[in-house]
Structures are given as C-alpha cells and as structure tokens.
Colleague: 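Have a look at this one.
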Amino acid sequence: MPERPFYQPGASSVEGLPLLLQMFHTAPLVMLKPHWHAQVEVNFIVRGSVHYRMNDHEISLSAGEMCFFWGGLPHQMDDLSDDAIYAGAHLPLVHFFRLHLPADVRHRLMTGATLVTGATDQSDNDNFARWNRYARSGDPAKAEHAVNELLLRLERVRFEPYRLVPETAAGQEAGSAFDQQSSRNVGRMCDFIAENFLYDIDCMNIAAAADIHPKYAMSLFKKSTGMTLNEYVNLLRLSYAQALLMHQDANVLRVAMDSGFGSLSAFNKSFRKLAGMTPSDFRKGVAGGAR
C-alpha cells in the first residue's frame, strides 16, 4: 500500500502567521509530530473519523462532531479514516476573546481542555462549506461575515450539550468574568504582540499598546489566557521557529535569531519546555519521517 501523505508545517502556514484567521474544508493529513500554533482551532468532522493526541489527553471524533481547543499546546492528528473530510478554522486570540462563553469554559480551553459537541445538524455541513468559500473569496465583506457567523455558531454550544475533555481539571481555578473592556484590552495586547514578537518587546511596550498599567496588563493577561505575557511572546516565536525548522537547509542558530530569541541557549530552553525536545531533535525527527 502507498504511504499516506503527511502534514508538514511551512513558513506560510498557520504556525508562522499568528494574526491570520484561516478557514478550511478539506481532507486532513496525518501529522508525523505534534505541532502548535497561536490560534484556537475549530474542527468539524464532515465525513469519516479522526483521532487526536492532545497535550495530556486523546480524543476520537466521527462525522457530525465538532471540537475546539487552544492550539498553543502541542497536539497531533495521528490517525484518520481514508474517507475523512473536516472543516473549521484557526482563530487568532483577538477573535477568540470576542466569544461569549462561560468563564470556566474559556479558562479550561486556554489551559489545555478540548470542547467536544455532537449537537450539530445538516446546516453545519452547509455553513462550514460556505464560510470557507467566503473566507477565500477575496471579498473582505464576505470574509468578515463568515467570521461573525462562525463566532455565533461557536457561542451556541453553551445552549446545547457539550463535554470538556478531560472532564476534570484538578487544581485549576475557575476563570473570572470577562467584561467587554477586558476583552478589548487583551485583544489590543494580542494584536501588538502578534505584530512585534520578532522584535525585542517587554511588558512595558505591550501594556502601552493597550493604554493600561504594566502590572494590570500582566495580571489581566494571565487571568484571561492562563499564560504570562512572556510565555505568549515565546509561544509565537516558537510557532514561527517551528515553521522555519521544516526547511531542509534550516540552521538552528539562524532560526533562533530570526524567531526573535536573543541567544541559542534561550531558544533551546524554550523549545524543549514546550516540545519536550531540542530544536535539532525536532528537525531531525521530521526530516527522518519525510524520507
């Protein structure tokens, strides 16, 4: 039997473009390695079945089920049926924080849980296909309409049965109420970071972009996302670095510098913390799987 094609990140793909909202409707590909990116991922299974390995759990989904999860933690679609088709989107955090979700759900998602629902119908099949067409139409009005409809669809889960996997989150604090002003502040910080993460930025710069005090900025961001500002900056840099490492001629030192890390040692430390391996091992593992 011929080998299945596999997913390989690239510098122009979701890992390297944290500000871009991408929609898709396609046949998924098996991932040789876990990957990560700075968007919330929405997957609706149109046909067939898929299996995911998340950071600390596994889930299997079949046609008609939908899930969404924070892509900043390593995750991998490691198996799927031959007829699998899925649709969905990668939502930058600025869009995610527009969602009106229960505070505990938002908090659980940002700290690694996956929301799964089977409360779907034929309209979801039709709508995900249409949203993908609108997003790719080149018409900004259609693209914005698709985003707004998708966000409303995701908000609908609070009125219907859903489950969070894993079911319990021992030791985690529940999320706090998230008002519109807080959402705008977090959105401004996310936008500034996404546009400047390759440069030398700190909490002072980030807070100034949102016109709030640095201490409040740090507290609000941590409470809202489960991450510190520094951890989020590093995540975007690591996501971008991951994409660069896929190139056959990638030099680890050059990738570290091009991704905004000030030194190879800082890059190695951050990469190992997130991925559980060094950048060199990650690159070798993917290159080996490609042969």
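Nothing here was measured: the structure is a model prediction, and the numbers come from that model. Residues: numbered from 1 along the sequence shown.
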Colleague: Applying side-chain hydrogen bond (donor to acceptor under 3.5 Å, both in side chains) as the test, list every pair that has at least one member in residues 199-213; sequence neighbours left out.
Modeller: none
Colleague: Tell me every residue that passes side chain to side chain donor-acceptor pair (under 3.5 Å) with Ser259, counting only those two or more places apart in sequence or in another chain.
Modeller: none
Colleague: If you look at every heavy atom in Phe69 and Ala113, which pair is closest and at what distance?
Modeller: CB-O, 4.0 Å
Colleague: Between Phe24 and Val42, which heavy-atom pair has the shortest distance, and what is it?
Modeller: CZ-O, 3.6 Å
Colleague: Using side-chain heavy atoms (C-beta onward) and a distance below 4.5 Å, is Leu61 in contact with Tyr86?
Modeller: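 A side-chain contact under 4.5 Å is absent here.
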Colleague: Whether the side chain of Gln242 engages the backbone of Trp36 through a donor-acceptor N/O pair (distance < 3.5 Å, no angle test) should be reported.
Modeller: yes
Colleague: Between Leu244 and Ala250, what is the shortest heavy-atom contact and its length?
Modeller: O-CB, 3.5 Å
Colleague: Take Asn230 and Thr228 through the test side-chain hydrogen bond (donor to acceptor under 3.5 Å, both in side chains) and record every step on the way to the result.
Modeller: CA-CA 5 Å; Asn230 188 57; Thr228 66; 5.3 Å; no
Colleague: Which pair of heavy atoms, one from Leu29 and one from Leu80, lies closest together, and at what distance?
Modeller: C-CD2, 3.9 Å
Colleague: Do Leu154 and Leu91 make a side-chain contact, defined as non-hydrogen atoms from C-beta onward lying under 4.5 Å apart?
Modeller: yes
Colleague: Under the side chain to side chain donor-acceptor pair (under 3.5 Å) test, which residues partner Thr278, sequence neighbours left out?
Modeller: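 Testing Thr278 for side chain to side chain donor-acceptor pair (under 3.5 Å), a comparison that skips the adjacent residues, returns Asp281.
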Colleague: Considering residues at least two apart in sequence or located in another chain, which fulfil the side chain to side chain donor-acceptor pair (under 3.5 Å) criterion with Glu149?
Modeller: Arg130, Trp131, His145
Colleague: Can you name the closest pair of heavy atoms from Gly118 and Glu65 and give their distance?
Modeller: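 What the structure gives for the nearest pair is CA-CG, 4.3 Å.
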Colleague: Do Val105 and Leu115 touch side chain to side chain, with heavy atoms closer than 4.5 Å?
Modeller: yes
Colleague: Out of curiosity, Leu151 CG to His95 NE2, how far, rounded to the nearest 0.5 Å?
Modeller: 7.5 Å
Colleague: Are Arg136 and Asn132 close enough that a side-chain donor and a side-chain acceptor fall under 3.5 Å?
Modeller: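 Yes - a donor-acceptor pair under 3.5 Å links their side chains.
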Colleague: Which distance, rounded to the nearest 0.5 Å, do you find between the CG of Leu99 and the CZ of Arg153?
Modeller: 12.0 Å
Colleague: Look at the side chain of Glu144 and the backbone N and O of Ala141, then say whether any donor-acceptor pair between them is shorter than 3.5 Å.
Modeller: no
Colleague: Parallel, tilted or perpendicular: which fits the ring planes of Phe282 and Phe271, with parallel below 30° and perpendicular above 60°?
Modeller: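 Aromatic pair Phe282/Phe271 classed perpendicular.
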Colleague: Would you check if Glu231 and Leu274 make a side-chain contact, meaning some heavy-atom pair closer than 4.5 Å?
Modeller: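 No - every pair of side-chain heavy atoms lies 4.5 Å or more apart.
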Colleague: Quick one, Tyr52 with Cys67, criterion side chain to side chain contact (heavy atoms under 4.5 Å, CB included). Give me CA distance, side-chain angles, the key distance, then yes/no.
Modeller: CA-CA 11 Å; Tyr52 303 80; Cys67 73; 4.1 Å; yes
Colleague: Verify, without hydrogens or angle tests, whether Arg237 (side chain) and Phe267 (backbone) share a donor-acceptor contact under 3.5 angstrom.
Modeller: no
Colleague: So which of His51, Met31, Lys33, Glu58 actually passes side chain to side chain contact (heavy atoms under 4.5 Å, CB included) with Asp78?
Modeller: His51
Colleague: Given the rule in the side chain to side chain contact (heavy atoms under 4.5 Å, CB included) test, do Met54 and Val165 qualify, once you have shown the distances and angles that lead to the verdict?
Modeller: CA-CA 10 Å; Met54 300 305 194; Val165 184; over 6 Å; no
Colleague: Test Phe128 against every option in Thr120, Leu150, Asn43 by the side chain to side chain contact (heavy atoms under 4.5 Å, CB included) rule and name the one that passes.
Modeller: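 Per the side chain to side chain contact (heavy atoms under 4.5 Å, CB included) rule, the option paired with Phe128 is Leu150, out of Thr120, Leu150, Asn43.
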Colleague: Tell me, please, which residues at least two apart from Arg156 pass salt bridge (charged side-chain N to carboxylate O under 4.0 Å, His left out).
Modeller: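 For Arg156 the salt bridge (charged side-chain N to carboxylate O under 4.0 Å, His left out) partners, ignoring immediate neighbours, are Glu160.
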Colleague: So Phe221 and Tyr232, would you call those rings parallel, tilted or perpendicular, with 30° and 60° as cut-offs?
Modeller: tilted
Colleague: Would Met66 and Asp124 satisfy side chain to side chain contact (heavy atoms under 4.5 Å, CB included), going step by step from the backbone distance to the final call?
Modeller: CA-CA 10 Å; Met66 180 174 69; Asp124 288 302; 5.5 Å; no
Colleague: Does some side-chain heavy atom of Asn234 sit less than 4.5 Å from a side-chain heavy atom of Phe261?
Modeller: yes
Colleague: What do you reckon, is CD of Glu155 surrounded by more than 12 foreign heavy atoms closer than 6.0 Å?
Modeller: yes
Colleague: Taking side chain to side chain donor-acceptor pair (under 3.5 Å) as the test, write out the residues that go with Ser49, two or more places apart.
Modeller: none
Colleague: Judged by modelled atom types alone, do Arg283 and Asn251 share a side-chain donor-acceptor pair under 3.5 Å?
Modeller: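 There is no such pair between these side chains.
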Colleague: Please check if Phe97 and Leu152 belong to a single hydrophobic cluster, counting links between Ile, Leu, Val, Met, Phe, Trp and Tyr side chain heavy atoms closer than 4.5 Å.
Modeller: no
Colleague: For Asp258, which residues count as a salt bridge (charged side-chain N to carboxylate O under 4.0 Å, His left out) partner, sequence neighbours excluded?
Modeller: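 In terms of salt bridge (charged side-chain N to carboxylate O under 4.0 Å, His left out), with neighbours along the sequence ignored, Asp258 is linked to Arg254.
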Colleague: Taking the side chain as every heavy atom from C-beta outward, state whether Arg108 and Pro166 have any pair of such atoms under 4.5 Å apart.
Modeller: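 The answer is yes, as the side chains (C-beta and beyond) meet within the 4.5 Å cut-off.
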Colleague: Could you tell me the separation between the CE atom of Met218 and the CD1 atom of Ile212, rounded to the nearest 0.5 Å?
Modeller: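 Atom-to-atom, Met218:CE and Ile212:CD1 are 10.0 Å apart.
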Colleague: Quick check, are the ring centers of His37 and His75 under 6.0 angstrom apart?
Modeller: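 Ring centroids of His37 and His75 are less than 6.0 Å from each other.
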Colleague: Suppose we screen for ring pair (Phe, Tyr, Trp, His ring centres under 6.0 Å). Which residues come up paired with Phe68, at least two apart in sequence or across chains?
Modeller: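 Residues passing ring pair (Phe, Tyr, Trp, His ring centres under 6.0 Å) with Phe68: none at all.
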Colleague: Side chains of Asp126 and Gln122: closer than 4.5 Å at any heavy-atom pair?
Modeller: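 Heavy-atom side-chain distance check passes, below 4.5 Å.
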Colleague: Could you see if Phe44 belongs to whatever hydrophobic cluster contains Tyr134? Use Ile, Leu, Val, Met, Phe, Trp, Tyr and a side-chain cutoff under 4.5 Å.
Modeller: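 No, separate clusters.
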Colleague: Quick one: CG on Asn268 to CE on Met277, what's the gap to the nearest 0.5 Å?
Modeller: 13.0 Å
Colleague: Would you sort out whether Phe96 and Arg106 count as a side chain to side chain contact (heavy atoms under 4.5 Å, CB included), showing the intermediate values?
Modeller: CA-CA 9 Å; Phe96 176 69; Arg106 189 192 66 250; 3.6 Å; yes
Colleague: For the residue pair Leu73 and Gly112, what are the closest heavy atoms and their distance?
Modeller: CD1-CA, 3.5 Å
Colleague: If you round to the nearest 0.5 Å, how far is CZ of Arg133 from NZ of Lys142?
Modeller: 8.5 Å
Colleague: Only counting residues at least two apart or in another chain, list the ones meeting salt bridge (charged side-chain N to carboxylate O under 4.0 Å, His left out) with Glu195.
Modeller: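 Listed in chain order: nothing, the list is empty.
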Colleague: Check salt bridge (charged side-chain N to carboxylate O under 4.0 Å, His left out) between Arg188 and all other residues, then give those that pass, not counting sequence neighbours.
Modeller: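 Partners of Arg188 under the salt bridge (charged side-chain N to carboxylate O under 4.0 Å, His left out) test: none.
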Colleague: Would you please name every residue forming a side chain to side chain contact (heavy atoms under 4.5 Å, CB included) with Arg47, sequence neighbours left out?
Modeller: Asp83, Ile85
Colleague: Among all residues two or more places apart in sequence or in another chain, which pass the ring pair (Phe, Tyr, Trp, His ring centres under 6.0 Å) test with His25?
Modeller: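 His25 satisfies ring pair (Phe, Tyr, Trp, His ring centres under 6.0 Å) with no residue once adjacent residues are dropped.
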Colleague: Within this structure, what is the CD1-CG distance for the pair Ile206 and Leu229, rounded to the nearest 0.5 Å?
Modeller: 4.5 Å
Colleague: Check for a donor-acceptor pair, side chain of Ser239 on one end and backbone N or O of Leu236 on the other, with a separation under 3.5 Å.
Modeller: no
Colleague: Side chains of Pro28 and Val50: closer than 4.5 Å at any heavy-atom pair?
Modeller: yes
